[in-house]
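Hydrogens, waters and symmetry mates play no part in the numbers below; they use all other heavy atoms, side chains included. Residue numbers run from 1 in the order of the sequence given. Note that the structure is a prediction, hence the values are computed from the model and not measured.
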Amino acid sequence: MAINKLSEPKIRKLKFDTNAPKKVADGGGLSLVLRENGSKLWQYNYRFNGRYKTMSLGAWPVIDLDRARELHREAKRSLAEGVDPMEARKEVKSRAESTTAITWSFVVEKFLAKKQRDGAKEATITKNRWLFDFTIEAFGHRPVKDLTTADFRTVLETLAEAGSLHSAARLRSLCDSLYDYAIVFEYADRNPVKCLRSGFNTKDHDHKNHPSITNRKEVGGLIRTIRSYTGSAVTKLGLLLLAYTFLRPGEVRHARWSDVDWERKEIIIPAERMKSNRDHIVPLSSQVLSILKAAKLVTGGRDLIVGSLTRKDRPLSENTFNAALRTMGFTKEQMTAHGFRTTASTLLNEDDFNSDWIERQLAHVEGNKVRSAYNRAKYLEGRKGMMQAWSDTLDDLSGSPTPDDPMKLFSRG
């Protein structure tokens, strides 16, 4: 019987075809099964005690050809010793779990697998895994029973201090749920996260620092009210930029025309003007381009995009945007200029956008304790689509599209 029929280049070229074989043999019972969704799964077909059986060896390319053949050899070795390969694998796994302390990483994987079986969306699993990565980096190798409240508090405080309070609150909630699961399955006998529930309450923190509107119907009303603002046109356009780009108020106030790359449809804010002390790219949606074109008609001859009209090349005062919101009837307990960031973060997370894209677009400070080295263009393609979707969401919630004609942005409504 011929063996080693496959090669990595050949595997890469294989595609599911309704008129072609769905299983491609490597030899000796090892085959690669082609699925309609594009996945390629390794299988070992064998007989044990007169019964035909199929053993899954994992998916290519996570399990490459060399590894698949290695697993195949191990399975055949078990057969030669009179042991069912699948039973041998179960025994090895059971022995490892019973003789090795159950680590945090191990329970995280078990917990996510259960959520997936229970019907959680793939986007939700991906987002949860991204959040759990913060804890994996910190103490993933440690026994779950040995972890303390201080261990979790350190990770959560690091996130919160870096400006990712929503992520900290969601991670705390996830860890809390995980311990409920771990206690039921006897991986742990206590929940060290439980007492942190009051310490990382997103709503309480946002209300104290940056009140924001996150109810979708009210967000639509907010955008309509800003479009109808009868005060300074520059202030109105600045507020729209805050809403549609969710930059920090200071970043909008100090944004310069030289930051705008019209050809690439990006604003690139240099590191010296960023809280994170690094360049920040803002992909420009079609709506934001219209807002910028309108601003160009007013301040195009100056340095600042939304600078003061009375004092040349001076930024708007720090209180300008908040004062305009008060004039429009929004109290300081309801909405602030900085609150547009919370609005965007909340709704984009609800819509299951990639958490990495959201955090990067918020330009949250990410020190060594939180994430690895920075790449200013990281996740840029995903962020471009997300920013256009965000602008479309605001248009949909407000009940009308942002005008393509810049002059129409100066009209009421």
Side-chain angles (χ1 to χ4, degrees), residues 93-210 214 342 345-346 349-350 352 354-356 358-359 362 364-372:
K93 183 179 179 182
S94 177
R95 187 162 56 246
E97 291 180 5
S98 62
T99 58
T100 304
I102 301 299
T103 65
W104 173 254
S105 295
F106 173 83
V107 180
V108 165
E109 291 303 320
K110 290 284 190 181
F111 177 69
L112 292 176
K114 182 180 184 302
K115 290 193 73 171
Q116 200 158 30
R117 289 194 303 272
D118 290 345
K121 294 180 180 178
E122 190 60 38
T124 300
I125 298 297
T126 300
K127 188 185 301 181
N128 289 172
R129 188 178 296 281
W130 177 83
L131 286 167
F132 275 131
D133 278 349
F134 291 106
T135 61
I136 300 298
E137 292 170 8
F139 44 71
H141 62 289
R142 289 174 53 192
V144 68
K145 288 186 176 182
D146 293 350
L147 296 176
T148 66
T149 299
D151 292 322
F152 289 95
R153 186 175 63 243
T154 298
V155 172
L156 296 173
E157 286 180 347
T158 299
L159 270 172
E161 289 168 5
S164 301
L165 184 75
H166 277 280
S167 294
R170 289 170 55 232
L171 177 56
R172 184 215 55 76
S173 178
L174 268 177
C175 292
D176 194 13
S177 297
L178 181 145
Y179 266 103
D180 288 342
Y181 162 83
I183 290 170
V184 169
F185 287 91
E186 300 183 350
Y187 294 130
D189 50 20
R190 60 186 179 82
N191 181 355
V193 185
K194 185 175 182 179
C195 59
L196 294 174
R197 288 175 180 171
S198 60
F200 292 91
N201 186 302
T202 309
K203 291 183 178 179
D204 287 349
H205 191 284
D206 283 344
H207 182 77
K208 178 181 178 181
N209 292 285
H210 303 299
T214 56
T342 302
S345 176
T346 301
N349 274 297
E350 286 179 357
D352 276 337
N354 186 306
S355 297
D356 284 319
I358 299 171
E359 293 299 301
L362 286 165
H364 279 156
V365 180
E366 295 173 352
N368 291 333
K369 292 182 179 179
V370 181
R371 277 288 184 255
S372 57

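Judged by distance alone, with hydrogens and angles left aside, the side-chain atoms of N349 form a donor-acceptor pair with the main-chain N or O of S345 at under 3.5 Å. Between the R190 side chain and the K145 main chain, a donor and an acceptor come within less than 3.5 Å of each other. Of the possible donor and acceptor atoms, none in the side chain of S173 sits under 3.5 Å from a partner among the backbone N and O of A169.
Partners of E122 under the side chain to side chain donor-acceptor pair (under 3.5 Å) rule, at least two apart in sequence or in another chain, are Q116. Annotation: side-chain contact (heavy atoms from CB on, under 4.5 Å) contacts of E186 (sequence neighbours excluded): none. Annotation: salt bridge (Lys or Arg N to Asp or Glu O under 4.0 Å) contacts of R142 (sequence neighbours excluded): D151. Contacts of Y181 classified as ring pair (Phe, Tyr, Trp, His ring centres under 6.0 Å), with partners at least two apart in sequence or in another chain: F111, F185. With sequence neighbours left out, the salt bridge (Lys or Arg N to Asp or Glu O under 4.0 Å) criterion links D352 to K127. D118 is linked by a salt bridge (Lys or Arg N to Asp or Glu O under 4.0 Å) to K114, counting only residues two or more places apart in sequence or in another chain.
Atom OG1 of T346 and atom CD1 of I358 lie 9.5 Å apart (nearest 0.5 Å). One finds the CG atom of L171 at 9.5 Å from the CG atom of N128 (value rounded to the nearest 0.5 Å). If you take OG1 on T124 and CG on L112, they are separated by 11.0 Å, rounding to the nearest 0.5 Å.
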Between L174 and L178, does the side-chain contact (heavy atoms from CB on, under 4.5 Å) criterion hold? Intermediate values first, please. CA-CA 6 Å; L174 268 177; L178 181 145; over 6 Å; no
Take R129 and D133 through the salt bridge (charged side-chain N to carboxylate O under 4.0 Å, His left out) test and state the conclusion after the steps. CA-CA 6 Å; R129 188 178 296 281; D133 278 349; over 6 Å; no
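Within the 4.5 Å cutoff, side-chain heavy atoms of C175 are placed close to those of F132. Using a 4.5 Å heavy-atom threshold, the side chains of F139 and V155 count as touching. The shortest distance between side-chain heavy atoms of T148 and P192 does not fall below 4.5 Å.
Nearest heavy-atom pair across A120 and I125 is CB-CD1, 3.8 Å. Of all heavy-atom pairs spanning L196 and R172, the tightest one is O-CD, 3.3 Å. When all heavy atoms of N191 and D180 are compared, the closest pair comes out as ND2-OD1, 4.0 Å. The two atoms that bring L156 and A168 nearest to each other are CD2-O, 3.3 Å, heavy atoms only. Annotation for V107 and I102: closest pair CG2-CG2, 3.4 Å, computed over non-hydrogen atoms. Here the closest non-hydrogen pair linking G140 and S105 is O-OG, 2.9 Å.
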